[in-house]
Amino acid sequence: MTGFLAGLCVAVLPLLAAGFWLGRRTARPESLGGLGTPVEHATFETLHTASLAAPPLRAGLTEETARRSARRLRTLLGTDALCLTDHENLLVWDGVGGHHRAEILERLAGPLDSGRGEAFRLHCDTPDCPVRWAVITPLTVDDRVHGTLVACAPRESAVLVRAAGEVARWVSVQLELADLDRSRTRLIEAEIRALRAQISPHFIFNSLAVIASFVRTDPERARELLLEFADFTRYSFRRHGDFTTLADELHAIDHYLALVRARFGDRLTVTLQIAPEVLPVTLPFLCLQPLVENAVKHGLEGKTGTCHIQITAQDAGAEALVVIEDDGAGMDPALLRRILAGELSPSGGIGLSNVDDRLRQVYGDDHGLVIETAAGAGMKITARLPKYQPGVHQAARLATD
């Protein structure tokens with residue numbers, strides 16, 4: 001889908017440049033100032049204007065985003081007036097001839113229902129009104145009409161009809177990208193809810209059982225564990241932000257491990273080697289804790305002796321390199337591949353596949369989990385976290401957190 005959209009943008013923008021150049025050349029030629037040929041100059045202006053119009057549209061079609069993008073879109077077409085509408089309302093009118101609003105709204109039904117554009121003469125009793133024709137072009141996303149782009153001009157023009165169609169297609173691409181962004185956000189939220197659901201039944205029951213066992217024999221120990229439990233669950237079930245810092249994630253892991261050690265005693269040892277300079281790195285929320293939980297589970301299952309887990313976080317230039325390694329039972333690589341592909345979901349498997357999917361969604365496929373394992377040989381999980389990624393930042397903490 002992303003490749004298709006990119007290809008569509010590449011195909012549309014040259015047509016925008018040609019239409020923009022023709023309109024500007026006939027309307028009001030400008031000095032090129034030695035910036036190349038007229039076509040090169042027009043192409044640069046078109047691409048620059050399109051880049052300024054895109055960000056508001058990536059937030060969807062609303063009154064605010066329409067207002068912020070309309071002037072740029074009118075510049076692309078070189079028209080006297082332009083408006084954007086949804087299914088019922090005129091969101092913004094930019095330019096002259098605003099008294100035609102009601103007439104435009106009356107003509108929307110056909111294009112909105114059919115998904116096809118329409119050009120028509122405007123009725124006007126104002127002698128000096130500069131707009132006499134309008135072109136309505138639907139804005140569609142996944143074959144659904146979200147609204148329309150309306151261009152108004154002094155006279156009928158086949159070039160304007162084609163240019164308005166191309167600009168509307170470009171706007172539709174931006175709206176489709178906005179839909180994809182919203183879908184991505186909903187998917188991340190759903191995956192976090194899945195992780196929380198996984199934590200809830202088993203870990204909470206086992207932790208409370210351990211705490212209860214200390215209530216009579218060691219009340220102070222029970223109190224300490226209860227505070228660890230409260231801090232961990234508060235972090236796990238927080239409601240603000242999709243991202244956290246490595247420092248906060250490691251702090252939550254420390255609470256988790258305190259409860260696990262209380263349950264397994266000397267059977268579990270943990271070594272941490274954390275470079276201080278990577279602690280502020282931002283990463284997806286609940287990204288590392290499931291990996292540590294997986295190491296605990298598979299490190300202790302099937303073993304009668306002790307299990308050692310090593311957690312390291314190193315500075316690797318533009319990235320933070322996080323490694324979680326255990327000397328437990330390990331896993332058949334073929335089984336692991338099926339779990340990560342979503343073909344199997346055994347107990348504990350959802351954590352690995354969930355984290356792997358979220359890392360790929362946020363940072364790209366090159367940043368999925370790297371897992372080295374074999375039956376009886378333990379497991380080593382490596383996560384590469386870029387220190388900076390557009391859109392990845394920790395939300396401000398709530399006062400009630």
Side-chain angles (χ1 to χ4, degrees), residues 1-17 19-20 46-47 49-77 79 82-94 101 104-119 134-152 160-191 242 357 360-362 364 390-391:
M1 176 63 75
T2 303
F4 167 75
L5 294 177
L8 183 58
C9 288
V10 170
V12 168
L13 285 176
L15 295 174
L16 291 177
F20 174 78
T46 300
L47 293 173
T49 304
S51 70
L52 295 176
L57 296 171
R58 288 290 299 273
L61 188 61
T62 66
E63 287 189 12
E64 175 63 19
T65 60
R67 181 187 63 79
R68 293 171 57 194
S69 61
R71 180 65 55 86
R72 308 294 184 185
L73 297 176
R74 184 163 73 90
T75 300
L76 283 175
L77 288 171
T79 58
L82 178 141
C83 66
L84 294 170
T85 78
D86 57 18
H87 277 275
E88 299 177 353
N89 303 306
L90 194 150
L91 301 176
V92 64
W93 183 287
D94 188 78
R101 293 168 183 258
I104 295 293
L105 286 173
E106 291 176 0
R107 300 295 295 262
L108 291 181
L112 287 172
D113 291 340
S114 67
R116 293 190 296 270
E118 179 181 328
V135 179
I136 299 179
T137 308
L139 303 174
T140 60
V141 176
D142 292 333
D143 297 325
R144 293 180 291 108
V145 179
H146 281 217
T148 66
L149 178 148
V150 185
C152 301
L160 177 60
V161 172
R162 293 181 59 187
E166 295 297 343
V167 172
R169 288 175 61 193
W170 179 82
V171 172
S172 297
V173 169
Q174 305 310 310
L175 297 179
E176 185 165 355
L177 291 172
D179 268 6
L180 290 174
D181 287 342
R182 287 192 290 269
S183 297
R184 171 181 169 274
T185 299
R186 289 193 295 268
L187 179 60
I188 290 176
E189 291 173 349
E191 289 173 337
D242 298 326
D357 287 343
R360 293 176 187 273
Q361 290 164 11
V362 172

query = Is the shortest heavy-atom distance from the side chain of S69 to the side chain of V171 under 4.5 Å?
reply = no

inquiry  = Tell me if the CZ atom of R360 is crowded by more than 12 foreign heavy atoms within 6.0 Å.
reply    = yes

Heavy-atom check, side chain of R72 versus side chain of T75, under 4.5 Å = no

Closest approach of L175 to G60 (non-hydrogen atoms, all atoms of both residues) = CD2-C, 3.8 Å

key: Backbone N/O of G117 and side chain of T137: donor-acceptor pair under 3.5 Å   = no

note = In L90, I104, L82, the residue satisfying side-chain contact (heavy atoms from CB on, under 4.5 Å) with V150 is I104

task = Decide yes or no for R68 and E64: does some side-chain heavy atom of the first lie under 4.5 Å from some side-chain heavy atom of the second?
result = yes

request  = Identify the heavy atoms of H146 and V141 that sit nearest to each other, and give their distance.
outcome  = NE2-CB, 3.7 Å

query = Does D86 reach the main-chain N or O of E88 with its side chain, forming a donor-acceptor pair under 3.5 Å?
reply = yes

request  = Run through L57, L112, V173, L61 and flag the one making a side-chain contact (heavy atoms from CB on, under 4.5 Å) with L139.
outcome  = L61

ask   = For R74, does the CZ atom sit with more than 12 other heavy atoms under 6.0 Å from it, leaving out its own atoms?
value = yes

key: Atom of A151, atom of L160 and distance for their closest heavy-atom approach   = CB-CD1, 4.2 Å

Separation between OG1 of T65 and CG of L91, rounded to the nearest 0.5 Å = 7.5 Å

message = For A168 versus P138, what's the shortest heavy-atom pair and its separation?
response = CB-O, 3.9 Å

key: Minimum side-chain heavy-atom gap V167-T79 below 4.5 Å   = no

key: Pairwise distance CG(L77) to CG(L149) - rounded to 0.5 angstrom   = 6.5 Å

ask   = Under the 3.5 angstrom rule, does the side chain of H87 hit a backbone N or O of V145 as a donor-acceptor pair?
value = yes

query = If you measure from CZ on R71 to CG on D94, what distance do you get to the nearest 0.5 Å?
reply = 4.0 Å

